Amino acid sequence: METAPLKVLFVCKGNHARSVMAESILRRIPGGKFTVFSAGSQPQPDINPFVLRLLTSLNHDTGDLRPKNWTEFAQPGSPELDFVFTLSETAANAAPPAWTGNPTTALWTLPDPAAFEGEDVQKALAFADAYRMLNNRISIFASLPLATLQGMALQHRLDAIGKDTGRREDAA
């Protein structure tokens, strides 16, 4: 299945927080293994300022990030996608467009840091926590032997990654 580069799309509702962070994280994987995009079912006009601050502080290139409607990836001439990861329940419950290609899909939902209410310091921590969870999942995904995993074995691995929140529970 593996061809270089694999085209990956991260989707959520607003495409201004989680999916943008995921796009930025996977873009950093060396070796040109992935071409990465993000989009939203109901994109916001701008990237969340907490996301921009966090990504900038971690030396991510944010110059070309912008919210996009997921229909951009279902039109003639769109990239033929290999993977689509849905990061929000809202996007998961919406009827997605017919993606170009025949992508493998997985549900990787996690709490929306943009919905967190509190002081700015607490909001920043919510975004950092979402980034950490995404980074963990994406690191696992990027290390999978994608050339040898196919069908249900691949789907099982991707689904398992999405169920791991990356939170550590204290042992009682």
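All figures in this text were calculated on a predicted structure; none of them were measured in a lab.
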Point-to-point distance, once rounded to the nearest 0.5 Å, from [atom1] of [X] to [atom2] of [Y]:
X: Ser143; Y: Ile138; atom1: OG; atom2: CD1; result: 12.0 Å
X: Lys163; Y: Asp159; atom1: NZ; atom2: CG; result: 5.5 Å
X: Ile161; Y: His156; atom1: CD1; atom2: NE2; result: 10.0 Å
X: Asn135; Y: Ile25; atom1: CG; atom2: CD1; result: 5.0 Å

Test your reading of the model: is there a side-chain donor-acceptor pair from [X] to the backbone of [Y], 3.5 Å cut-off?
X: Arg18; Y: Cys12; result: no
X: Gln155; Y: Ala106; result: no
X: Ser78; Y: Glu72; result: yes
X: Ser24; Y: His60; result: no
X: Asn48; Y: His16; result: no
X: Lys123; Y: Ala114; result: no
X: Arg157; Y: Leu144; result: no
X: Thr86; Y: Leu107; result: no
X: Asp82; Y: Lys7; result: yes

Take atom [atom1] in [X]; do more than 12 heavy atoms of anything else shown fall under 6.0 Å from it?
X: Glu119; atom1: CD; value: no
X: Gln75; atom1: CD; value: yes
X: Asn102; atom1: CG; value: no

is_close_aromatic(Phe116, Phe50), centroid dist under 6.0 Å: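 No, ring centres 6.0 Å or more apart.
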Check: Phe141 ring centre within less than 6.0 Å of Phe83 ring centre: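 Between Phe83 and Phe141, which both carry aromatic rings, the centre distance is below 6.0 Å.
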Any side-chain heavy-atom pair of Phe85 and Leu158 under 4.5 Å: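 Heavy-atom side-chain distance check passes, below 4.5 Å.
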Residues clustered with Phe37, ILVMFWY side-chain links under 4.5 angstrom: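 Under the 4.5 Å side-chain rule, Phe37 groups with Leu9, Val11, Trp70, Phe73, Leu81, Val84, Trp99.
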Verdict with reasoning, Asp112 to Thr90, per side-chain contact (heavy atoms from CB on, under 4.5 Å): CA-CA 10 Å; Asp112 183 3; Thr90 304; over 6 Å; no
Looking at [X] and [Y], what are the two nearest heavy atoms and their distance?
X: Ser19; Y: Ala39; answer: OG-O, 3.9 Å
X: Arg28; Y: Asn59; answer: NH2-O, 2.8 Å
X: Pro67; Y: Pro43; answer: CB-CB, 4.1 Å
X: Asn15; Y: Val20; answer: O-CG2, 3.5 Å

Path from Leu125 to Leu110 over hydrophobic side-chain contacts below 4.5 Å: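 Each belongs to a different hydrophobic cluster.
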Candidate list Leu146, Thr104, Val36, test side chain to side chain contact (heavy atoms under 4.5 Å, CB included), partner Leu6, passing option: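 One option only clears the test, and that one is Leu146.
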Carboxylate-amine/guanidinium proximity below 4.0 Å for Asp120 and Arg53: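 Salt bridge flag = no for Arg53 with Asp120.
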Full working for side-chain contact (heavy atoms from CB on, under 4.5 Å) between Ile47 and Thr62: CA-CA 10 Å; Ile47 304 295; Thr62 61; over 6 Å; no
Verdict with reasoning, Tyr131 to Val51, per side-chain contact (heavy atoms from CB on, under 4.5 Å): CA-CA 9 Å; Tyr131 181 96; Val51 170; over 6 Å; no
